[in-house]
**Student:** 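A single structure is presented below for examination.
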Protein chains: 2
Amino acid sequence: MAYEREDWARRIEQVRSLRELALEFIRDAIVSGRFAPGQHLKERELAEAMGISTTPVKEALRVLEHIGLVQTVPRRGTYVSTAVNTSLHEINWMRAYLEGLAARWAAQKASDQAIDQLAVQLAEMRRLVESTDRDALAAANGRFHAMIRELAQNAVLASTLAQVAAVERVYRRRALQDDLEVTTGFAEHRGVFEAIRDRQPELAEARMRAHILRTADHVLLDVKGGPTG
Amino acid sequence: MAYEREDWARRIEQVRSLRELALEFIRDAIVSGRFAPGQHLKERELAEAMGISTTPVKEALRVLEHIGLVQTVPRRGTYVSTAVNTSLHEINWMRAYLEGLAARWAAQKASDQAIDQLAVQLAEMRRLVESTDRDALAAANGRFHAMIRELAQNAVLASTLAQVAAVERVYRRRALQDDLEVTTGFAEHRGVFEAIRDRQPELAEARMRAHILRTADHVLLDVKGGPTG
DNA sequence: ATATAATATCTGATATATCAAATGGATTGA
DNA sequence: TCAATCCATTTGATATATCAGATATTATAT
């Protein structure tokens, strides 16, 4: 039985249904700006573009609607949220609050062993800060956040944040073009880690929230300012 | 054009697609316990039970998966979250944080006119506290929270919270069986209102969060304790 | 020329059909 | 008796067909 569970978990990671592919395809197109705000997302068009039928497309659109990237008007269709950048901003505030909550719970619930693993991850991040491989650093940072989400031991929170994080992914790397951002970001990550290690839930929450909000301001200002990346 | 927008908004309220009906049907069945934790939700069975096809059922299940009430294993099917009560608890914490965020923004952004409307709503709630119509009070309370969500002027946050609130709805009325809860709840609502009126975002957020967390503790303890309602 | 009505086309919503994976049971062999 | 294997059935995943509402277009009347 325990074996089967492992098996499932693995399968969830591995098997990519057309529905998931459609979700990724549409979501990335919206976040990256390939699909313009207000654009009418026609089911048949999308399906044809991906070479699949409309059924998985419909399912993906429902999830995107729930995330808030698109709006559906009954009998009229689904449209890219008219203010995607506003939406992204809003989503990021939500992420800051929820990931702060995750940090709080992590500080309360994480085992000493798990905290050791987090320390290892932080050391890896410190190493990458010195290097020039910004993609690797972005991935390691993402992993750090994911580990904290897991430490919170909260399935609903984790899955919600996983979705939100996927939206942010495109932006995150852009932030790391800036050297100051790299060092500031690392210092903040270390601060969050220390609060979790020292079992200070309030502090961990506050630091995590502040970290995400500051990073978002940085990135979104960057985006508004023009094509910097 | 302005006319058309009104029209759309109205339609979103009025037109109930089979997809929405399916969502409500399944969600309420899970929250109320009619569908047991771990139960396999078979698409064809559900569709037949509702007298519709599987297409809208699939869409509803995807949304429920995103909310966190069900889990989907690829090629195996969709199951009611094994720990619905835990999930509800988690969802409520998320709701507390996000609705706190909404209160914060409301305190920052609401127009004086909107605050007057909120005051009217609060007066209506005070009136209902004195009466014995607990259903009406529950509805009025829900409206109060919804108004604050709207005042935050944040589409993504509003839609997320609307979904979350729907999950809570079934529980909320149960809370109001208790007289103490009625008066405590009203006092807390008034506190939130005053913070928003006085333009104190931090205070509004803290009060709203504390209010929701306290109510949830109350209700969920009640549920665990046995059939009190 | 403009407005209105009639019609054709498009598109979302839904239903049904098809395919393949997964499950359960029967059967066979040790 | 138990385990492994094969087959029938179930069921999720996907594709396609159908229906109805919405949009665009054309025709007609004023």
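Excluded from the calculations below are hydrogen atoms, water molecules and symmetry mates; all remaining heavy atoms, backbone and side chain alike, are included. First the proteins, then the strands, lettered A, B, ... as listed; each starts at 1.
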**Student:** Regarding B:Y97 and B:E205, is there a side-chain donor-to-acceptor distance under 3.5 Å anywhere?
**Tutor:**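 Result is no, nothing qualifies.
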**Student:** Do any side-chain nitrogens or oxygens of A:R75 fall under 4.0 Å of OP1 or OP2 in C:dT11?
**Tutor:**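 No, A:R75 has no side-chain N/O under 4.0 Å of OP1/OP2 on C:dT11.
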**Student:** Rounded to the nearest Å, what distance is computed from the CD atom of residue A:E43 to the C1' atom of nucleotide C:dA15?
**Tutor:**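 After rounding, the gap between these two atoms is 14 Å.
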**Student:** Crowded around B:E24 CD? As in, over 12 foreign heavy atoms under 6.0 Å?
**Tutor:**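 More than 12 within 6.0 Å, yes.
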**Student:** From CD of A:E20 over to P of D:dT14, roughly how many Å is that when rounded to an integer?
**Tutor:**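 So the two atoms are 9 Å apart, to the nearest Å.
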**Student:** Write down the distance between CZ (A:R16) and P (C:dA21), rounded to a whole number of angstrom.
**Tutor:**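 Nearest whole value for this atom pair: 18 Å.
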**Student:** Tell whether B:T55 reaches the base of C:dA15 with its side chain through a donor-acceptor pair below 3.5 angstrom.
**Tutor:**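 Donor-acceptor pair under 3.5 Å: yes.
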**Student:** Select one nucleotide: of C:dT14, D:dT14, C:dT11, the one nearest the side-chain heavy atoms of A:L18.
**Tutor:**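 That would be D:dT14.
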**Student:** From C-beta outward on B:H40, which listed nucleotide comes closest to its side chain: D:dT23, D:dT14, D:dG12?
**Tutor:**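 Shortest atom-to-atom distance from the side chain points to D:dG12.
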**Student:** Reading DNA chain C from 5' onward, which residue's closest nucleotide shows up sooner: A:G77 or B:I52?
**Tutor:**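 Its nearest nucleotide being more 5', the pick is A:G77.
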**Student:** Below 4.0 angstrom, N of the basic side chain to O of the carboxylate: do A:R62 and A:E59 qualify?
**Tutor:**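 Judged by the 4.0 Å cut-off on N to carboxylate O distance, A:R62 and A:E59 do not form a salt bridge.
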**Student:** Do the side chain of A:R44 and the base of C:dG12 come within less than 3.5 angstrom through a donor-acceptor pair of N or O atoms?
**Tutor:**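 Yes, a donor-acceptor pair under 3.5 Å.
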**Student:** In terms of the angle between their ring planes, are A:Y79 and A:H40 parallel, tilted or perpendicular, with boundaries placed at 30° and 60°?
**Tutor:**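 Rings of A:Y79 and A:H40: parallel, under 30°.
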**Student:** Send over the distance from B:K42 NZ to C:dT23 C1', rounded to a whole Å.
**Tutor:**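 After rounding, the gap between these two atoms is 10 Å.
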**Student:** Considering every strand and a 4.0 Å limit on heavy-atom distances, what is the contact class for B:L46: base, sugar-phosphate, or nothing?
**Tutor:**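 Nothing, no heavy atom under 4.0 Å.
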**Student:** Please classify the nucleic acid contact of B:L41 as base, sugar-phosphate, or nothing, using heavy-atom distances under 4.0 Å.
**Tutor:**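 B:L41: backbone/sugar contact only, no base atoms under 4.0 Å.
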**Student:** Counting the atoms with a prime plus P, OP1 and OP2 as sugar-phosphate, which does B:T54 contact under 4.0 Å by heavy atoms, base, sugar-phosphate, or nothing?
**Tutor:**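 Result for B:T54 = base.
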**Student:** Just the rounded figure in Å: distance from P of D:dG12 to CD of B:E59.
**Tutor:**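 In whole Å, D:dG12 P and B:E59 CD are 16 Å from each other.
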**Student:** Is a donor on one side and an acceptor on the other found under 3.5 Å between the side chain of A:Q39 and the backbone of A:A36?
**Tutor:**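 Answer holds: yes.
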**Student:** Could you state the atom-to-atom distance from NZ of A:K58 to P of D:dT18 in whole Å?
**Tutor:**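 So the two atoms are 17 Å apart, to the nearest Å.
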**Student:** Please report, rounded to the nearest Å, how far the P atom of C:dG12 is from the CD atom of A:E65.
**Tutor:**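 My rounded result for the distance is 13 Å.
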**Student:** Figure out the CG/P separation between B:L23 and C:dA13, and round it to whole Å.
**Tutor:**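 About 14 Å, once rounded to whole Å.
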